[in-house]
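Working notes, structure below.
Chain A is the first sequence line, chain B the second, and so forth, proteins listed ahead of strands; every chain is numbered from 1.
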Protein chains: 2
Amino acid sequence: MMAEDKMKLENQICFSLYATTREMTKLYRPLLADLNITYPQYLVLLALWETSPLSVKELGERLYLDSGTLTPMLKRMEKENLIERYRSKEDERRVLVGLTEEGRKAEEKAACIPDLLLDNIDMNEEEILNLKHTLNRMLEGARQKGEHQ
Amino acid sequence: MMAEDKMKLENQICFSLYATTREMTKLYRPLLADLNITYPQYLVLLALWETSPLSVKELGERLYLDSGTLTPMLKRMEKENLIERYRSKEDERRVLVGLTEEGRKAEEKAACIPDLLLDNIDMNEEEILNLKHTLNRMLEGARQKGEHQ
DNA sequence: CTAATTTTAATTGTGCACAATTAAATAGTA
DNA sequence: TACTATTTAATTGTGCACAATTAAAATTAG
């Protein structure tokens with residue numbers, strides 16, 4: 001590719017990533033409206049539906065988010081009675097985040113979301129798996145490069 | 001795939017998108033530090049280096065952003081003397097965004113960024129083109145679905 | 001030509017996202 | 001033991017991102 005072409009928006013892989021992520025997140029909005037949560041809050045619930053409780057640090061490792069993002073978001077979710085936050089007895093530094101009864105019940109309401117979202121995507125399973133694989137490789141590569149800077 | 005598996009973070013294509021986008025954006029940070037701009041501001045400059053001036057609406061169409069995001073960002077960039085904003089004479093509703101001399105000069109400093117970034121990615125040209133093509137298809141699909149909601 | 005409609009940005013309010021700093025608890029060490 | 005270093009969250013400050021509303025200008029319809 002010519003040097004000038006590399007400066008064109010059209011040819012930038014990261015712009016495609018950036019734009020697609022935001023448009024896909026918008027598709028979640030109506031599906032999450034019923035639960036009254038945002039997409040990042042949905043990710044927190046997905047993590048907790050797998051394992052609850054998790055410390056803020058563990059949650060951050062799974063979602064690639066730090067306490068500066070998580071702490072205020074978790075406080076909002078606590079106010080909505082989806083989760084509870086409490087200090088660990090064994091290690092008072094750790095704040096554990098656990099599902100409430102309401103947070104657990106939300107899982108049933110959310111069970112249809114993955115399929116409803118996939119209905120919006122005109123891609124077959126192989127394409128999606130392929131895309132996910134490529135993205136995960138890119139993600140791990142970026143994390144490697146990023147961590148020693 | 002089993003219904004339960006679809007609820008796992010690990011299996012969600014949109015989570016891969018979300019995490020990868022943010023990690024890639026972090027890789028830009030040190031490259032853009034010299035220009036003293038953020039990644040979204042870099043996207044504005046890329047658009048203007050192709051065509052200047054552009055109206056706020058045209059810029060929004062290229063970047064998939066609305067005036068609620070652009071207006072304050074453009075004001076910050078104007079304060080840094082990278083761009084200028086002025087009303088169109090022909091249509092007073094339109095605000096035109098044009099490069100300043102400093103904004104034009106920044107293009108030379110930024111010319112190395114695409115290659116520097118690609119150095120951080122362990123993917124060949126074909127893989128990248130393939131990924132971009134898939135993402136663009138997903139993007140257009142999402143925009144179609146999203147617009148009538 | 002006037003009134004209703006549409007287009008265009010700006011504004012308001014909420015919620016991430018993240019770098020940098022702070023503070024408390026724990027672990028490691030001389 | 002006391003002293004240092006590390007780990008963990010919270011806090012602070014800045015900058016997107018977007019829905020909803022507002023206001024001005026231009027277009028369209030009657």
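For A:R29, a side-chain nitrogen or oxygen approaches OP1 or OP2 of D:dA19 to under 4.0 Å. A:T71 has no side-chain polar atom (N or O) that falls below the 4.0 Å cut-off from OP1 or OP2 of D:dT11. B:R85 has no side-chain polar atom (N or O) that falls below the 4.0 Å cut-off from OP1 or OP2 of C:dA9. For D:dC16, the OP1/OP2 oxygens have no side-chain nitrogen or oxygen of B:K75 closer than 4.0 Å. For D:dC18, the OP1/OP2 oxygens have a side-chain nitrogen or oxygen of A:R22 closer than 4.0 Å. The shortest distance between the side-chain N/O atoms of B:T38 and the OP1/OP2 oxygens of D:dC16 is below 4.0 Å.
Note: CZ (A:R94) to C1' (D:dT6) measures 15 Å, nearest angstrom. In this structure, B:L54 places its CG atom 15 Å from C1' of C:dA9, rounding to the nearest Å. For the pair A:Y64 OH and C:dC16 C1', the interatomic distance rounds to 19 Å; values are reported in whole Å. What separates CE of B:M73 from P of C:dA10 is a distance of 13 Å, to the nearest Å. Separating the CE atom of B:M24 from the P atom of C:dC18 is a distance of 14 Å, rounded to the nearest angstrom. A straight line from CG of B:L63 to P of D:dC16 spans 12 Å, rounded to a whole angstrom. Nucleotide D:dA9 holds its C1' atom 14 Å from the CD1 atom of A:I83, rounded to whole Å. Rounding to whole angstrom units, CG of residue A:L70 and P of C:dG15 are separated by 16 Å.
Taking the side chain of B:V56 as heavy atoms from C-beta on, and the options D:dG15, C:dA10, C:dA17, the nearest nucleotide is C:dA10. In this structure, of C:dA17, D:dC18, D:dC16, it is D:dC16 that holds the atom nearest to the side chain of B:Q41. Taking every side-chain heavy atom of B:K26 into account, C:dC18 is the closest of D:dA10, C:dA9, C:dC18.
The two residues A:A106 and A:L35 make their nearest non-hydrogen contact at CB-CD2, 3.8 Å.
Residue-level contact check: A:E58 touches neither bases nor backbone, having no heavy atom under 4.0 Å from any strand. B:L65 comes within 4.0 angstrom of the backbone, heavy atoms only, and of no base. Within 4.0 Å of A:S55, counting heavy atoms only, lie sugar-phosphate atoms of the nucleic acid but no base atom.
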> Could you go step by step and tell me if B:L117 and A:C14 meet the side chain to side chain contact (heavy atoms under 4.5 Å, CB included) rule?
Replying inline: CA-CA 10 Å; B:L117 193 93; A:C14 288; 3.7 Å; yes
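With A:Y18 as the aromatic partner, A:R22 meets the cation-pi criteria of under 6.0 angstrom to the ring centre and within 45 degrees of the ring axis.
With DNA chain D read from its 5' end, the first of the two nearest nucleotides for B:E92 and A:K57 is the one closest to A:K57. Annotation: of the two residues near DNA chain D, A:T69 and A:Y18, the 5′-most nearest-nucleotide partner is A:T69.
Proximity of a side-chain donor or acceptor of B:E50 to a complementary backbone N or O of A:L9 within less than 3.5 Å is detected. A donor-acceptor pair under 3.5 Å is absent between the side-chain atoms of A:N11 and the main chain of A:K6, judged by distance alone.
Between the side chain of B:S67 and the base of C:dA10, a donor-acceptor pair under 3.5 Å is found. For B:R93 against C:dT7, a side-chain-to-base donor-acceptor contact under 3.5 Å is present.
No hydrogens or angles considered: nothing links the side chains of A:T100 and A:N81 as a donor-acceptor pair under 3.5 Å.
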